[in-house]
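Only one structure is covered here, and it is reproduced in the block below.
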Amino acid sequence: MTSDRDQRRHEFRVALFRRRGIPSEEAVILADQVQQRDRELDSRRMCLECKYLTQSFGCFPATRGWMKNAARAYRPDIRQPVRCEHFAFATP
């Protein structure tokens, strides 16, 4: 059973992914996968969820040189779940 909070979070994620250029059907699938990840307590996150993802799909911390092993022009695979010390959730 899904709570109201879970439903709102799912809807926010679908909208976020759509704003970031993901087609509607894929955005719903990704939001479902992320919801399942949360239920499984998986600590990995997609760059697509991060507030530091730039409009050109670059990584803001990398452009600033904050990431030791990443080029400043680093373009992550935005759908690949990873652990990143610079990750921060995009918020409404």
Side-chain angles (χ1 to χ4, degrees):
M1 187 164 147
T2 304
S3 71
D4 287 341
R5 181 178 180 215
D6 288 340
Q7 183 62 33
R8 285 191 308 272
R9 184 177 293 145
H10 187 272
E11 290 169 4
F12 168 76
R13 286 171 168 158
V14 170
L16 173 66
F17 299 163
R18 297 230 26 244
R19 282 193 308 276
R20 291 187 166 177
I22 304 299
S24 295
E25 288 181 22
E26 185 180 357
V28 171
I29 291 167
L30 287 171
D32 290 343
Q33 291 172 351
V34 169
Q35 191 170 43
Q36 183 62 36
R37 175 207 65 201
D38 291 348
R39 287 183 184 131
E40 294 171 357
L41 304 177
D42 185 342
S43 63
R44 295 174 300 159
R45 304 290 181 241
M46 292 187 303
C47 296
L48 188 58
E49 301 174 82
C50 185
K51 76 177 185 179
Y52 293 123
L53 183 66
T54 67
Q55 286 184 327
S56 61
F57 299 107
C59 176
F60 183 77
T63 65
R64 295 294 179 229
W66 300 345
M67 297 175 75
K68 295 179 212 171
N69 298 321
R72 289 183 182 247
Y74 175 59
R75 297 287 182 266
D77 177 348
I78 60 172
R79 293 170 182 85
Q80 178 65 42
V82 296
R83 288 182 180 85
C84 177
E85 65 182 284
H86 299 287
F87 178 85
F89 281 108
T91 56

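By convention here, the first residue in the shown sequence is residue 1. Keep in mind that what you see is a predicted model, and the values were worked out from it rather than measured.
Between R83 and S43, some side-chain heavy-atom pair lies under the 4.5 Å cut-off. Taking the side chain as every heavy atom from C-beta outward, R44 and V82 never approach each other to under 4.5 Å. Looking at E85 and P61, their side chains never come closer than 4.5 Å, going by heavy atoms from C-beta outward. Between L48 and R20, some side-chain heavy-atom pair lies under the 4.5 Å cut-off. Between R79 and L30, some side-chain heavy-atom pair lies under the 4.5 Å cut-off.
The minimum heavy-atom distance linking C50 with H86 is given by the pair SG-O, 4.5 Å. When all heavy atoms of D42 and R45 are compared, the closest pair comes out as O-NH1, 3.0 Å. Taking all atoms of both residues into account, the shortest heavy-atom contact from V14 to A31 is CG2-CB, 3.6 Å. Taking every heavy atom of both residues into account, S24 and R18 meet most closely at OG-NE, 2.8 Å.
No option in R9, Q7, R13, R8 other than Q7 meets the side-chain hydrogen bond (donor to acceptor under 3.5 Å, both in side chains) test with E11. A side chain to side chain contact (heavy atoms under 4.5 Å, CB included) with C47 is found for exactly one of P76, P81, C59, namely P76.
Atom CZ of F87 and atom CG of L53 lie 10.0 Å apart (nearest 0.5 Å).
For residues 10-68, the ring pair (Phe, Tyr, Trp, His ring centres under 6.0 Å) pairs, not counting sequence neighbours, are F60-W66.
Counting non-hydrogen atoms of other residues, nucleotides and ligands closer than 6.0 Å to CD of Q55 gives a total of 12 or fewer. Atom CZ of R5 has 12 or fewer neighbouring heavy atoms from other residues, nucleotides or ligands inside a 6.0 Å radius.
A donor-acceptor distance shorter than 3.5 angstrom exists from the side chain of E49 to the backbone of M46, with no hydrogens or angles considered.
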